Every structure is written in structure tokens, then in C-alpha cells.
Amino acid sequence: MADKPSIPKGTRDFTPLEMARRMHIFDTIRTIFKIHGFLPIETPAMENLSSLMGKYGEEGDKLLFKILNSGDFKGKLTDRELTDTPAGRLGSMISEKGLRYDLTVPFARFVVQHRNEIIFPFKRYQIQPVWRADRPQRGRYREFYQCDVDVIGSNSLLNELELIQIIDEVFAALGLKVVIKLNNRKVLAGIVKMIGEPERMTDITVAIDKLEKIGMEKVKAELEQKGLKPEAIEKLEPVLKMMGTTEEKLDFLEKFLKGSETGLNGLAEVRKLFVYMEADLPGAAVEFDLTLARGLNYYTGSIFEVKSAEMEIGSICGGGRYDDLTGIFGLEGVSGVGISFGADRIYDVLLQLERFPERSELDTTLLFVNFGEQEVQHIIPILGRLRESGITSEIYPDQVKMKKQMNYANSRKIPYVALVGEQEVKDGVVTLKEMESGNQEQLTPAQLVEKLSPAK
RNA sequence: GUGGAUGUAGCUCAGUUUGGUUAGAGCGCUGGAUUGUGGUUCCAGAGGUCGCCGGUUCAAGCCCGGUCUUCCACCCCA
């Protein structure tokens with residue numbers, strides 16, 4: 001017997017109801033991207049593995065989905081290679097393509113490849129699925145959509161400001177309260193330099209990223225276990241204990257980072273960004289959060305992360321500045337900054353908080369009941385007129401019991417039903433029934449179009 | 001990748017402790033009461049290889065092993 005049909009772990013089908021909700025998210029995000037002057041691109045689902053490997057840290061390489069070479073990939077290997085090569089290395093011998101892990105690295109590749117056609121600074125948006133061979137959990141999928149906006153070819157902090165505004169506008173439009181966390185890799189680099197461990201930036205940032213979660217003692221224990229010098233940990237402690245307003249934190253770091261030019265530069269960037277924001281305050285809370293580190297290792301300046309203020313689900317948007325991502329594809333000295341909205345997590349938040357709009361654009365407005373061939377012939381041109389006026393309308397395709405047709409309208413949540421029987425045909429009218437109230441009225445086709453036309 | 005839970009009708013879940021004939025409920029679905037009027041009510045009905053594979057047993061939804069799914073923690077992240 002055939003197995004029950006199924007889909008791979010961590011992937012999902014979407015029903016019409018779910019699609020209506022997803023489109024609400026995508027449409028909202030896309031509208032805001034467009035109003036800021038960003039242009040769409042798309043890139044293939046698969047990239048050459050060489051474009052993907054090594055861009056996301058050690059962890060990221062493991063999470064890449066690799067695509068087996070087509071044809072006789074085995075025949076090209078000798079028996080010895082086949083039996084003696086460790087499984088990990090064998091992968092690269094039989095696979096040269098992989099599914100994209102995010103949209104930023106393919107974008108960098110795109111920019112390098114199309115550098116002569118692109119007008120810089122290039123503002124692009126991209127809404128496509130990405131794949132990660134992660135272990136699924138709530139809010140964590142193996143296939144999920146990212147909505148990326150990036151500006152490449154400009155060092156200006158105005159770009160960072162614009163991204164913050166976009167974040168603010170998107171979540172306001174979706175009706176979600178969020179906290180925008182802001183940090184700067186240069187500040188982190190300055191800190192690790194000042195405590196005398198400049199090479200250990202990754203270990204240190206990963207550890208302090210957990211401060212909120214596991215507490216000071218455990219963070220110190222982890223740092224010690226990672227082999228950090230006790231003096232360094234001691235020097236780091238006041239930074240971790242740093243409290244107060246953004247202004248106070250910045251002042252503290254100003255003193256702490258004396259002697260690290262990079263650190264002070266990063267600090268100046270953070271300050272400038274807050275000054276910019278004062279000109280038009282975001283509705284969302286923006287916090288300078290030193291514990292924000294982010295694992296992706298191509299970030300070099302500002303880093304962002306957005307969390308729901310109303311529910312625990314991990315970050316729903318994140319990003320940062322990368323000074324040399326195009327360098328690895330052969331184009332040096334081009335800085336970019338961008339963020340990525342996690343549509344699937346935003347969906348989960350909206351669903352749990354019940355913030356999806358009641359009706360969607362996908363919903364039908366009017367259903368004609370089917371009374372028979374004569375009546376159908378009369379209705380066909382009326383349907384045409386309604387649709388021309390932008391009114392989503394349909395006719396029940398089969399001449400079945402009225403109860404069944406009404407039930408269809410009911411379960412499809414269609415607010416209006418039109419009845420055109422023998423009498424209506426004779427009188428040249430339709431009987432329009434409003435389902436919720438049950439009220440009925442007789443209208444000419446012109447009046448019908450007028451009544452149901454979407455508000456201008 | 002490591003550790004821990006979970007899976008019974010379309011959906012939400014009982015039943016598993018102490019193995020024992022035809023596996024239940026609510027909601028939903030189909031038909032009727034009601035041949036041009038849905039939602040409410042009433043009546044009737046359909047729907048399950050108890051995730052899958054194997055083992056123990058006279059006998060397995062229930063016990064054992066494996067596997068897959070979903071979920072939780074770690075890791076990491078959108």
C-alpha cells in the first residue's frame with residue numbers, strides 16, 4: 001500500500017486562508033519597501049556551493065542544504081575515493097550546488113555579477129524563500145520566506161536610519177509592538193581589543209549575547225571555559241554590568257574605548273544614528289543593546305534585531321552593515337547595509353495575537369445563485385459588469401438546491417448573495433440579499449454595481 | 001548535531017495505568033424536516049489499517065524495539 005502522502009520535515013503547505021494572511025504580510029512589507037524607492041530583484045533558489053560555503057560561519061555550513069549532482073556522480077569517483085573519503089568531504093565531491101541560506105549573500109553575488117548594469121547606490125528588495133537544514137521548532141522552519149531590503153554602494157548612516165524607519169513603518173502597519181535593538185560591531189571589536197583579547201571576538205560576543213538569558217555568572221564561566229584570560233574577563237565585567245539610559249551607556253563606553261580608534265568610530269556611528277532619529281522619532285522603542293551580537297560573521301558595522309514586545313518567539317527581523325561582502329566575489333570596497341523580515345515568524349505572532357484583518361482581498365463579495373439555464377444567460381453579462389468595476393463576484397456553477405448554494409456563500413463568508421429567478425429576469429432586476437442582516441432589496445444591474453463598488 | 005516529550009475520525013481530545021469481543025465524545029461533514037432563502041433547532045448517516053515497520057502474547061490502540069512527524073530544551077537563528 002502506498003504511504004500516506006507527506007512533505008519534508010520543516011516545510012508546510014498553505015491553505016487559501018493561510019495564503020490570504022501571508023499575502024497581507026507580504027503586501028504590507030512590499031508597499032513600504034516601494035515607497036522608500038527600493039527595487040525588486042529575484043535570484044535562483046540554488047546557488048553554486050562555492051558561493052555559499054564559508055559565509056555563515058562554521059554552524060552555517062552545516063545548515064546548508066546541498067544538492068546532489070545529477071547524472072552518474074558516483075562514476076566519476078574511484079572506489080578508493082568512495083570508501084576512504086570522510087563523509088563530510090565526500091559531500092563536496094558529489095555536490096556542487098546548494099539551496100540559498102539567506103538573501104544577502106546571493107544579493108552580494110548578484111551585485112558583483114551585474115555591477116555594470118546597476119546604478120549605485122543600489123536599493124533593492126527581495127522576497128523569496130530560503131532553506132536551512134535546522135531542527136524545526138515553533139517559529140523555526142526549514143523553508144521560510146525572508147523579505148530583504150538592502151542599500152549597497154553607500155557608507156551613509158542615512159541608510160541605517162531609513163532601515164529603522166522601514167522597520168517602524170512595517171510593524172506599525174501590521175499592528176505589532178516591537179523593540180528595535182541596535183548595536184555596532186566596531187564597538188564590540190573595540191571592547192575585545194581593550195580587554196586584550198582582540199582575536200576572540202566571536203566567542204566573546206556569543207557569550208555576552210546570552211547575558212540576559214543565563215546571567216553574569218554563567219557567562220563568565222563560559223568565557224573561562226573558552227580559554228579567556230581571567231584578567232580579560234575581569235576587565236569585561238564592568239561593560240557587562242553597564243546599566244542606564246542609552247546616553248549613559250554611550251558615555252561609559254566613550255571612556256572605556258579610549259585607545260581603540262575602531263571602537264570610538266563605532267560609538268560615533270551609534271550616536272549619530274540616535275541624533276538622526278530625534279528628527280523623526282520612531283514609534284517603536286529603539287534600544288542600544290551591547291549584548292546584541294548576531295552570529296553571521298560578515299557584519300562589520302551597525303547591527304539590528306527586532307523582537308516582538310508582546311510575545312516570545314525570537315527575532316522577527318534582523319540585519320546589519322557589511323563592508324566587504326562583495327569582496328569575496330571579487331568586488332572590493334563596496335559597503336552595504338540591509339535587514340531581513342522573517343515573514344513566517346511575523347505570521348506566527350499575528351496569528352497568536354489575533355491581529356489579522358477580518359476580511360482579505362481574496363474574499364468574494366457577491367455570489368449569484370444558480371436557478372437554471374435561462375437565468376444564467378441573463379446573469380453572465382451582469383457578472384462581467386461587476387468584475388469590470390472591481391467587484392469580486394461569482395456564480396454558483398451548478399443548479400442545485402438553494403440551501404446548498406446559500407451554505408456555500410455562508411462558509412465562504414460571502415457577504416452578498418444575488419437572486420435572479422424568473423420574476424427578476426422579467427423585471428430586469430436582481431434581488432440582493434445581505435447575508436449578515438438577511439435584508440433584501442431589488443436593484444437594477446447599474447444600482448448593484450454602484451452599491452458594491454469598492455470605496456474610492 | 002545532543003537530550004526529552006508527542007502521534008487515536010477532517011479538527012480538538014477521551015480510552016493506554018491493571019493487554020481481552022463490534023475504539024468513543026464534541027465540533028465539522030452528508031442527507032432529511034424545509035422544491036425561491038443560509039446561520040438556530042430536531043432526526044438520520046458517513047467517516048478510523050489507533051503515525052509507520054517489526055517483536056512479545058492465545059490475544060496489542062495499550063507492552064518492547066526501530067523509524068517518521070510535530071513540539072520542548074541546548075546550539076543557532078528569521
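No hydrogens, no waters, no symmetry mates; every other heavy atom, side chains included, goes into these values. Computed from a predicted model, the values in this text were never measured in an experiment. Protein chains get the first letters and strands the later ones, always in sequence-line order, with residue 1 at the start of each.
Nucleotides B:G36 and B:U30 place their C1' atoms 23 Å apart, quoted to the nearest Å. B:U22 and B:G39 are spaced 39 Å apart, taking the P atom of each and rounding to whole Å. The same atom, P, is picked in B:C50 and in B:C11; the two are 16 Å apart, to the nearest Å. As rounded to the nearest Å, B:A46 and B:G10 have P atoms that lie 15 Å from one another. Here, B:U41 and B:A78 have their C1' atoms 49 Å apart, quoted to the whole Å. B:G38 and B:U49 are spaced 39 Å apart, taking the C1' atom of each and rounding to whole Å. Remark: the separation of the P atoms in B:U12 and B:G51 is 14 Å, to the nearest Å. Comparing B:A23 with B:G47, their C1' atoms sit 14 Å apart, to the nearest whole Å.
Following rounding to the nearest Å, A:Leu292 (CG) and B:C77 (C1') show an atom-to-atom distance of 12 Å. Atom CZ of A:Phe26 is separated from atom P of B:A78 by 16 Å (rounded to the nearest Å). Straight-line distance from the CD atom of A:Gln225 to the P atom of B:C74: 17 Å, rounded to whole Å. The CD atom of A:Gln405 sits 16 Å away from the C1' atom of B:U34 (whole-angstrom rounding). In this entry the distance linking CG of A:Leu63 with C1' of B:G1 reads 9 Å, nearest Å. For the pair A:Glu59 CD and B:C77 C1', the interatomic distance rounds to 10 Å; values are reported in whole Å. For the pair A:Asp61 CG and B:G1 P, the interatomic distance rounds to 16 Å; values are reported in whole Å. What separates CZ of A:Phe65 from C1' of B:C77 is a distance of 15 Å, to the nearest Å.
Using a 3.5 Å distance cut-off with no hydrogens or angles, the side chains of A:Gln442 and A:Thr431 do pair a donor with an acceptor. Side-chain contact, A:Tyr141 with A:Asp348: a donor N or O sits under 3.5 Å from an acceptor N or O. The closest side-chain donor-acceptor pair between A:Thr291 and A:Asp289 falls under 3.5 angstrom. At a cut-off of 3.5 Å, with distance as the only test, a side-chain donor of A:Tyr408 or A:Glu394 sits close to an acceptor on the other residue.
In terms of the side chain to side chain donor-acceptor pair (under 3.5 Å) criterion, residue partners of A:Lys123 (sequence neighbours excluded) are, by chain and number, A:Glu162. When the ring-ring contact (aromatic ring centres under 6.0 Å, His included) test is applied to A:Phe33, the partners found at least two apart in sequence or on another chain are A:Tyr125, A:Phe341.
Ion pair A:Arg140/A:Asp134 flagged as a salt bridge, since at least one NZ, NE, NH1 or NH2 atom sits closer than 4.0 Å to an Asp/Glu carboxylate oxygen. Residues A:Lys451 and A:Glu441 are paired through a salt bridge, judged by an N-O separation under 4.0 Å between the basic side chain and the carboxylate.
Annotation: side-chain hydrogen bond (donor to acceptor under 3.5 Å, both in side chains) contacts involving residues 306-323 of chain A, sequence neighbours excluded, comprise A:Asp150-A:Tyr322, A:Glu160-A:Arg321, A:Thr300-A:Asp323, A:Glu310-A:Arg355, A:Arg321-A:Ser335, A:Asp323-A:Ser335.
When heavy atoms are screened at a 4.0 angstrom cut-off, A:Cys147 is found touching no nucleic acid atom at all.
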For A:Lys218 and A:Glu222, run salt bridge (Lys or Arg N to Asp or Glu O under 4.0 Å): C-alpha distance rounded to whole Å, both residues' side-chain angles, the deciding distance at 0.1 Å, then the answer.
CA-CA 6 Å; A:Lys218 285 188 176 162; A:Glu222 183 167 329; over 6 Å; no

Taking it one step at a time, do A:Lys220 and A:Glu224 satisfy salt bridge (Lys or Arg N to Asp or Glu O under 4.0 Å)?
CA-CA 6 Å; A:Lys220 282 163 75 177; A:Glu224 201 177 323; over 6 Å; no

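The aromatic ring centroids of A:Phe356 and A:Tyr347 lie less than 6.0 Å from each other.
Ring geometry, A:Phe107 versus A:Phe110: the interplanar angle falls under 30°, so the pair is classed parallel (tilted spans 30 to 60°).
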All N/O pairs under 3.5 Å across the protein-nucleotides 69-72 of chain B interface:
from	atom 1	to	atom 2	distance (Å)
B:U69	OP2	A:Lys9	NZ	3.2
B:U70	OP1	A:Gly10	N	3.0
B:C72	OP1	A:Arg138	NE	3.2
B:C72	OP2	A:Arg138	N	2.5

With sugar-phosphate taken as primed atoms, P, OP1 and OP2 and all else as base, the protein-contact string of nucleotides 35-42 of chain B at under 4.0 Å (heavy atoms; B, S, -) is -BBBB---

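Taking a pair as Watson-Crick or G-U wobble with both distances under 3.5 Å, the runs of three or more consecutive pairs in RNA chain B are B:1-5 with B:70-74, B:10-13 with B:24-27, B:29-33 with B:41-45, B:51-55 with B:63-67.
Stacking annotation: A:Phe341 is not stacked on the base of B:A78 (requires ring centroids less than 5.5 angstrom apart and an interplanar angle below 30 degrees).
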